Protein chains: 2
Amino acid sequence: MALRLNRAPARHDAPALPLDTILIGDCVAELEKLPSASVDLIFADPPYNLQLQGDLRRPDQSLVDAVDDSWDQFESFQAYDAFTRAWLMAVRRVLKPTGTMWVIGSYHNIFRVGTVLQDLGYWVLNDVVWRKTNPMPNFRGRRFTNAHETLIWAAKSADAKGYTFNYEALKAGNEDLQPRSDWLIPICSGGERLKGDDGKKVHPTQKPEALLARVLLSSSKPGDVVLDPFFGSGTTGAVAKRLGRHFIGVERDRDYAAAARARIDAVEPEAADAIVQAPAKREAPRVAFATLVERGLVRPGAKLVDARRRYEATVRADGTLAFGSVIGSIHRIGALAQGADACNGWSFWHVEDARGLTSIDAFRDAVRAEGV
Amino acid sequence: MALRLNRAPARHDAPALPLDTILIGDCVAELEKLPSASVDLIFADPPYNLQLQGDLRRPDQSLVDAVDDSWDQFESFQAYDAFTRAWLMAVRRVLKPTGTMWVIGSYHNIFRVGTVLQDLGYWVLNDVVWRKTNPMPNFRGRRFTNAHETLIWAAKSADAKGYTFNYEALKAGNEDLQPRSDWLIPICSGGERLKGDDGKKVHPTQKPEALLARVLLSSSKPGDVVLDPFFGSGTTGAVAKRLGRHFIGVERDRDYAAAARARIDAVEPEAADAIVQAPAKREAPRVAFATLVERGLVRPGAKLVDARRRYEATVRADGTLAFGSVIGSIHRIGALAQGADACNGWSFWHVEDARGLTSIDAFRDAVRAEGV
DNA sequence: CCGTATTCTGAATCTCCTG
DNA sequence: ACAGGAGATTCAGAATACG
């Protein structure tokens, strides 16, 4: 039995569609009550099936607050696939033929999700990468920092035409460059992060509003109906309301649903003419020395010297420097050579050729000039 | 029947492994001839199963040279999955227990590949995003510009330990920041792109050498054996040779194999000092704290303190520490002092003298410099 | 009150050798 | 195989504390 947390007025033109409502219950069961082909956009943030083992501690021994909630536990890949198949079928029935769907996930689950949705006849339009400016580091140094999550954007079927893609607006909001499949957005923190009375986060995986804004602005129109079958803390609803879209959320957990309802009630819709794309965060123009080597601007085996040619180091293929038997970054080796505590390797080291000394900083500028 | 394009001298220590060789034939059949658990790293760039529908034209009506080769055509997802399963099983047998595998793909195939490899027992370590500085634009304006491809980095099994990850060198080459899962690398073009006598590209999906360099530098050591079951234009082989790794390539198409062979023969390996393995701290020879006491670097009876002088312990002649009435290793006592359950005593404890605090790790470095 | 320093935290599949 | 212990390991940003 679903309990509805509804604040929307009754609508006579679409009586069966519980607009701007959070349906409390299992999403497959709740979606069966909705009419077919009735929503314009789906955003789904399903459980990731993280399969965490033991505790993880930071180098300072503090404990990482893991996502160990029961809703993220599955017995096997098979069980996860069955779950995935069920909800993907349920939302597909409700999706208009011209509608599209977004799903977000990590490497733990996204391959399963992508495979199942292809098998069900969805047609992938893009995979989009959410690059995090501030991901949690890899504390043990045994893998690459997991600095992104993946979104799949899919149409209802291969022959679906007429889906919404606000190409011109996106391009205009992106310095007249085509919108790309890699998005740089910070994680949800600070004032945006919902906290309980105890000061603890309400939901372990709250998504940033900037991410949802990019989704809704790119693939929906004002007045469209956006369905989120894993509503959680209600980011989809909050952004939908702010941007003049309707939402339907489904959430099993009453506490999450209540927090989401309160959050959404506090949202002020933006004036229609103010609804434009949030400006993209400027890309940090950070260039690593390894990039110069990779791009062939500095050759492995080349000798670097300081401005007065007192010290010499050898460039290695991995973008480190060798100074005697010591290997390290341009900064650390620069400091070591001088006997200093710290050194800006970019200004310290130079390449010598027929024309004389060239600062490696000049090569970095060349990389930046090419658009990083 | 496989025809080998071999330029490597015979090796008596590994007679069954055709090092630095391109095996011509189907990869599953060819891999059956190789011994089990014999290669250190796999890089695979399988067909993407692109499912192109009709010609793609640019706004000026010029035709885009699409990947429509017969090797990229599969009748169904089912056929593609069967193909994927077959080659993933074949390479897994050949992979050492400590080895890892990279697979690259796009949204057309990467979900299938990821699902199958998880089902086969591979353990995903990371998914890595290759962001292209210069992707092909989306000419229709109906999707996001496909500006990235996805790589999956996986170990042979969930319990596989001891795989190679050159964390410290990668960090040093990246402004002393740990390496992330998003890589920015230009596509292969210009002089690097192999062209035939007719000026046309030899292979439709030639990968940039910078991408392979990052793969090999991060997850292999000099002298390792790298297997590429879809050798194509031989980028893996060219980079392996340049960086002092051995390669084994498998390629069905004789023309591709011949072009790859010629390309690799022209490669000059980097100088040894540009590619020797950087010593990692965790691989440095172990030094017992007792050795420091034995060698007179730390005096029995000396007081050790933490960096903020909050705790104090006494050095004993046998290399243990006394903290109140408790006696134990530098690590145990460090943990006890802080009330933590673990502690790296080497970085925690310091000796105080007229010049201030000196970490006992500095004395350990001195011992190592003397040759343990 | 302000500027600086410290602390806290985030969708995380996070070690390896010896006995 | 399993237990125990040595010893390795973090970045950005916000919040809080301090001087």
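Computed from a prediction, not measured in an experiment: that's the story for all the values here. Labels below follow one simple rule: chain letters A, B, ... track the order of the sequence lines, proteins then strands, and each chain is numbered from 1.
- The nearest whole Å value for the distance from the CG atom in B/D159 to the P atom in C/dT15 is 13 Å.
- Remark: B/R92 qualifies as a cation-pi partner of B/Y122 under the 6.0 Å distance and 45° angle criteria applied to the six-membered ring.
- Distances shorter than 4.0 Å separate none of the side-chain N or O atoms of A/R140 from OP1 or OP2 on C/dT13.
- For B/R332 against D/dG7, a side-chain-to-base donor-acceptor contact under 3.5 Å is absent.
- Put simply, A/S189 has no side-chain N or O that comes within less than 4.0 Å of OP1 or OP2 on C/dG10.
- With respect to B/R316 and B/D318, a salt bridge is recorded, a charged nitrogen being found less than 4.0 Å from a carboxylate O.
- Note on B/S347: nothing from the nucleic acid sits closer than 4.0 angstrom, heavy atoms only.
- Between A/K201 and C/dT9 there is no side-chain polar atom (N or O) within less than 4.0 angstrom of OP1 or OP2.
- When heavy atoms are screened at a 4.0 angstrom cut-off, A/T205 is found touching base atoms of the nucleic acid.
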Worksheet item: Run the ring pair (Phe, Tyr, Trp, His ring centres under 6.0 Å) check on A/Y256 and A/F231 step by step: do they pass?
Response: CA-CA 8 Å; A/Y256 292 163; A/F231 205 59; over 10 Å; no
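- For D/dT10, one of the phosphate oxygens OP1 or OP2 lies less than 4.0 angstrom from a side-chain nitrogen or oxygen of B/K171.
- Within the 4.0 Å cut-off from OP1 or OP2 of C/dC14, not a single side-chain nitrogen or oxygen of A/N138 is found.
- Neither OP1 nor OP2 of C/dC16 sits under 4.0 Å from any side-chain N or O of B/R282.
- Here B/Y167 reaches the OP1 or OP2 of D/dT10: one of its side-chain N or O atoms lies under 4.0 Å away.
- Between the CZ atom of A/R142 and the C1' atom of C/dC16 there is a distance of 9 Å, given to the nearest Å.
- A sub-4.0 Å separation between OP1 or OP2 of D/dA8 and a side-chain N or O of B/R364 is present.
- Atom C1' of nucleotide D/dA12 and atom CD1 of A/I185 are separated by 16 Å, given to the nearest angstrom.
- Among the heavy atoms of the strands lying under 4.0 Å from A/G191 are primed sugar atoms or P, OP1, OP2 only; no base atom is included.
- B/W123 qualifies as a stacking partner of the C/dT13 base, centre to centre under 5.5 Å and near-parallel within 30°.
- At the heavy-atom level, B/L177 lies under 4.0 Å from the strands shown only through sugar-phosphate atoms.
- Using a 4.0 Å heavy-atom distance criterion, B/R180 is classed as making no nucleic acid contact.
- Within 4.0 Å of A/D65, counting heavy atoms only, lie sugar-phosphate atoms of the nucleic acid but no base atom.
- Between D/dT9 and C/dA12, the distance separating the two C1' atoms is 14 Å to the nearest Å.
- Within 4.0 Å of A/D45, counting heavy atoms only, lies at least one base atom of the nucleic acid.
- Using a 4.0 Å heavy-atom criterion, one finds that B/G328 contacts no nucleic acid atom at all.
- For A/W102 and A/W183, the gap between ring centers is short of 6.0 Å.
- One can place CD of A/E192 at 14 Å from P of C/dG10, the figure rounded to the nearest angstrom.
- Distances shown here put a side-chain N or O of B/H331 below 4.0 Å from the OP1 or OP2 atom of D/dG7.
- Between A/R286 and D/dA12 there is a side-chain N or O to OP1 or OP2 distance below 4.0 Å.
- Residue-level contact check: B/N344 touches the bases, meaning some heavy atom is under 4.0 Å from a base atom.
- Using a 4.0 Å heavy-atom criterion, one finds that A/P208 contacts no nucleic acid atom at all.
- Residue A/K207 is in base contact, counting any heavy-atom pair closer than 4.0 Å across all strands shown.
- Ring centroid separation for the pair A/F144 and B/W153 comes in under the 6.0 Å cut-off.
- With hydrogens and angles ignored, a donor-acceptor pair closer than 3.5 Å exists between the side chain of A/R143 and the base of C/dT13.
- Remark: A/R143 is not positioned above the aromatic ring of B/F165, lacking an NZ or CZ atom under 6.0 angstrom from the ring centre and at most 45 degrees off the axis.
- Within the 4.0 angstrom heavy-atom criterion, only backbone atoms of the sugar-phosphate kind lie near B/G162; the bases stay farther away.
- Listed pair A/N146 / C/dA11 fails the phosphate criterion, with no side-chain N or O lying under 4.0 Å from OP1 or OP2.
- Using atom C1' as the reference point in both C/dG10 and C/dC14, the two lie 15 Å apart (nearest Å).
- If you check distances only, the side chain of A/K132 never reaches the base of C/dA11 with a donor-acceptor pair under 3.5 Å.
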